[in-house]
Number of protein chains: 2
Amino acid sequence: MTIQSPIWRSPITSSDRVLLEIQRAIVEGDIPAGSKISEPELARRFDVSRAPLREALARLERCHLIERTPNAGARVVKLSPEGLISLYQLREELEGLACRLAAENMAEKEIEELGALLDQHLNTQRVREGESYYQEEGDLDFHYRIILGSKNAYLINILCDELYFLVRMYRVQLGMNGPRVSRAFDEHKAIIMAIANRDGELADLLMRRHIGASRKNIEIQLQQIRNEHDISN
Amino acid sequence: MTIQSPIWRSPITSSDRVLLEIQRAIVEGDIPAGSKISEPELARRFDVSRAPLREALARLERCHLIERTPNAGARVVKLSPEGLISLYQLREELEGLACRLAAENMAEKEIEELGALLDQHLNTQRVREGESYYQEEGDLDFHYRIILGSKNAYLINILCDELYFLVRMYRVQLGMNGPRVSRAFDEHKAIIMAIANRDGELADLLMRRHIGASRKNIEIQLQQIRNEHDISN
DNA sequence: ATGTTTAATAATGTCGACAATATATGACTA
DNA sequence: TAGTCATATATTGTCGACATTATTAAACAT
C-alpha cells in the first residue's frame with residue numbers, strides 16, 4: 001500500500017481513479033520521465049473517455065508531475081539536479097514552518113500518536129534490516145503528520161498534495177533510500193521532543209537541519225551517479 | 001490593466017480566456033465570496049461549452065479561489081481571519097526565501113530595473129496622492145520581480161500562480177490599501193539595497209519583517225471591521 | 001407546525017464526435 | 001545529400017447529449 005494524499009475526496013470518480021493510477025505509474029517510472037503523454041492512448045489504457053482523463057491531467061500538472069503546452073499536449077517532467085535543489089530549498093522552509101506551527105497547534109493526543117509511530121517504525125526497522133521500503137513509508141508518514149499538525153490549510157495543500165509526489169518520484173527513480181536510516185530516527189526523535197515541549201523555534205531549526213542533511217546526502221548520491229555516467233561515456 | 005501571472009501560456013485558448021474573466025470576477029467580488037458556482041450558468045454567461053469552463057474551474061481550484069466537492073459542484077472560497085493569517089504565514093517564509101535566492105541569483109540588470117521601478121512608483125505616488133490603486137499594483141509588481149529573481153521554478157509557481165490571486169482578493173474585498181504607503185516604500189528600498197549588496201540573509205530578514213508588518217496592519221483593520229460588525233448587531 | 005419520505009428537478013460526471021492545431025510524411029529544389 | 005515546402009496524419013480543444021448523483025419540492029405522517 002502506497003502513501004497518498006491525506007485529504008482524499010470521499011466519492012471516488014473515474015478521474016480520481018485514473019489520477020491515482022497515473023500518479024503511481026509516473027512516480028515509479030512505468031511512464032518514463034520526459035516521455036510524451038498521449039491522451040487517446042491513456043484513455044484506452046485506463047478504459048475511460050478523454051474527459052475524466054483530462055481532469056486527471058490537470059491535477060497531475062498541479063502536483064508538478066507533468067507539464068502541458070497548449071495544443072501540443074503534456075510531457076512527464078524530467079528530473080534534474082536543479083529541480084531537486086529547488087524542491088529541497090522549498091521543503092526546508094515549508095516543513096520548518098510546519099514544525100513551528102505543529103509545536104503550537106498539535107493536540108497532545110496527536111503528539112503521543114506521533115511518538116508511538118516512531119517506536120513502531122524503530123521496531124519494524126530492527127526486524128527487517130536493510131529493507132528500505134518500510135523506512136521510506138515510515139519517513140513520509142512522520143513528515144505528513146507534522147504537516148497536518150500545523151493546521152495551516154495552504155501549507156498542508158502545498159506540501160502533501162503538490163510537492164510530495166515529486167519528492168517520492170525523486171526518491172524512487174534515483175533509488176535514494178540509503179544509509180541515513182538510523183540517523184534519521186534520531187533526528188525524528190529530537191523533533192518530536194521539541195514539539196512535545198512546545199518549543200516551536202527548536203522544532204523549526206531541527207526540521208530544517210533534518211531536511212538539509214537529507215538534501216546533502218541525496219546530492220552526494222546524485223553526484224556519484226553523474227560521475228559513473230561520465231566514465232561510461 | 002490588472003497584474004496577472006508572469007508566466008502566461010502563449011496560445012490563448014477558450015479556457016484561458018474564461019479563466020482570466022472568472023479570476024477577475026472572483027477577486028473583485030463580482031462573484032461573491034462563498035457563493036455557489038453553476039457550470040451551466042457560467043457557460044452561458046461566457047459563451048463557451050462546459051468543457052473549457054471545467055478546465056478553467058480546475059485551475060481556479062489550483063489558486064484556491066474556489067473549492068470543489070465531487071458531484072456537488074464548486075463554491076467561491078470564503079474569506080476568514082484564519083485564512084488570512086495562514087496565507088501571510090506562508091508568504092513570510094516563501095518570500096523571505098525568494099529574497100535570499102534573489103540576492104544570490106538576480107542579474108545586475110534585473111536589480112537595476114527593480115530600483116528604477118521603485119523610483120517610478122515613488123513619482124506616481126507623489127503625483128496621485130491618496131490614489132491607492134497604483135500603489136497596490138506597484139507593490140505587487142515589486143514582489144513579483146523578486147520572486148521571479150529567485151529563479152526557483154516551484155517557488156515562482158506557488159507564489160505567483162497559486163497564492164497571489166488570494167492575496168489580491170483579500171486586499172480588494174477588505175479594502176486593505178491604507179496608510180502604510182510611505183513606510184512600504186522605505187522598506188522596499190531597504191530590501192533592494194540588500195539584494196544589490198548580495199546580502200541574502202539581510203534581504204530575507206527585511207522581507208519577512210515587511211510582510212509581517214503588512215500582516216499586522218491588515219489584522220488591525222480586520223479587527224476594526226469585526227468590532228463595527230459586533231456593534232451594528 | 002415540524003419532521004420525514006418520495007417524487008420532480010437540476011446539477012455534475014462522462015461519453016463520442018467534430019473542428020482547430022500541431023506533428024509526421026513525402027515531394028520538390030538547390 | 002540537405003533543406004524547404006506542401007500534404008497527410010494524428011492530437012488537442014471544444015461541443016452537445018446522456019447517465020448519474022445531488023438538490024429541491026411536495027406529499028405525508030406525527
Side-chain angles (χ1 to χ4, degrees), chain A residues 4-5 7-23 25-26 31-78 161, chain B residues 4-5 7-23 25-26 31-78 161:
Chain A
Q4 62 199 34
S5 174
I7 303 147
W8 200 250
R9 323 198 306 178
S10 9
I12 291 176
T13 66
S14 295
S15 81
D16 288 328
R17 206 201 72 222
V18 173
L19 172 65
L20 280 177
E21 301 209 46
I22 302 182
Q23 251 174 357
I26 291 179
I31 303 176
S35 65
K36 174 128 188 0
I37 297 274
S38 163
E39 292 185 7
E41 186 200 321
L42 283 186
R44 277 196 305 276
R45 181 162 151 190
F46 295 112
D47 199 40
V48 287
S49 91
R50 282 176 53 222
L53 179 77
R54 283 171 65 88
E55 176 85 30
L57 291 185
R59 287 157 71 186
L60 284 170
E61 187 181 26
R62 182 172 170 172
C63 53
H64 306 276
L65 291 182
I66 65 171
E67 284 165 356
R68 302 167 91 187
T69 29
N71 296 322
R75 306 194 77 88
V76 178
V77 294
K78 287 183 199 163
D161 295 344
Chain B
Q4 62 198 35
S5 173
I7 303 146
W8 199 250
R9 322 198 306 177
S10 8
I12 292 175
T13 65
S14 295
S15 81
D16 289 328
R17 206 201 71 221
V18 172
L19 172 65
L20 281 177
E21 300 210 48
I22 304 182
Q23 251 173 357
I26 291 179
I31 303 177
S35 65
K36 175 130 190 352
I37 298 273
S38 162
E39 293 184 8
E41 186 201 321
L42 284 185
R44 277 196 306 276
R45 181 161 150 190
F46 294 112
D47 199 40
V48 286
S49 90
R50 284 176 52 222
L53 179 77
R54 283 170 66 85
E55 177 85 28
L57 291 186
R59 287 157 71 186
L60 285 171
E61 187 180 27
R62 182 171 170 172
C63 53
H64 307 276
L65 291 182
I66 65 171
E67 284 166 354
R68 303 167 92 187
T69 30
N71 297 321
R75 306 193 77 87
V76 178
V77 294
K78 288 182 198 162
D161 295 343

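Everything quoted here is computed from the prediction, not taken from an experiment. When reading the values below, keep in mind they use all heavy atoms of this one structure, side chains included, and skip hydrogens, waters and symmetry mates. A, B, ... follow the sequence lines: proteins, then strands. Residue 1 opens every chain.
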Would you kindly give the [atom1]-to-[atom2] distance between [X] and [N], to the nearest whole Å?
X      : N       : atom1 : atom2 : answer
E39(B) : dT14(D) : CD    : P     : 15 Å
L42(A) : dA10(D) : CG    : P     : 18 Å
N71(B) : dT23(D) : CG    : P     : 9 Å
E55(B) : dC15(D) : CD    : C1'   : 15 Å

Would you indicate which nucleotide in [options] comes nearest to any side-chain atom of [X]?
X      : options                   : value
R50(B) : dA11(C), dA17(D), dT12(D) : dA17(D)
S49(A) : dA17(D), dC15(C), dT14(D) : dC15(C)
A51(B) : dT14(D), dT12(C), dT11(D) : dT14(D)
A72(A) : dT12(C), dG13(D), dT23(C) : dT23(C)

Query raised in the report: Checking all strands, does I37(B) fall into the base, sugar-phosphate, or nothing category for heavy-atom contacts under 4.0 angstrom?
Result: sugar-phosphate
Which pairs of donor and acceptor atoms, one on a side chain in residues 46-54 of chain A, lie under 3.5 Å apart (sequence neighbours left out)?
residue : atom : partner : partner atom : Å
S49(A)  : OG   : A51(A)  : N            : 3.2
R50(A)  : NE   : E39(A)  : OE1          : 3.0
R50(A)  : NH2  : E39(A)  : OE1          : 3.1
R54(A)  : NH1  : E39(A)  : OE1          : 3.4
R54(A)  : NH1  : E39(A)  : OE2          : 3.1

Report summary line: Judged by nearest nucleotide, the residue sitting upstream toward the 5' end of DNA chain D, V48(B) or K36(B), is V48(B)
Query raised in the report: Is the distance from OP1 or OP2 of dG13(D) to the nearest side-chain N or O of R54(A) less than 4.0 Å?
Result: yes
Query raised in the report: Given dT14(D), is OP1 or OP2 found less than 4.0 Å from the side-chain N or O atoms of S14(B)?
Result: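 Yes, because at least one side-chain N or O of S14(B) sits under 4.0 Å from OP1 or OP2 of dT14(D).
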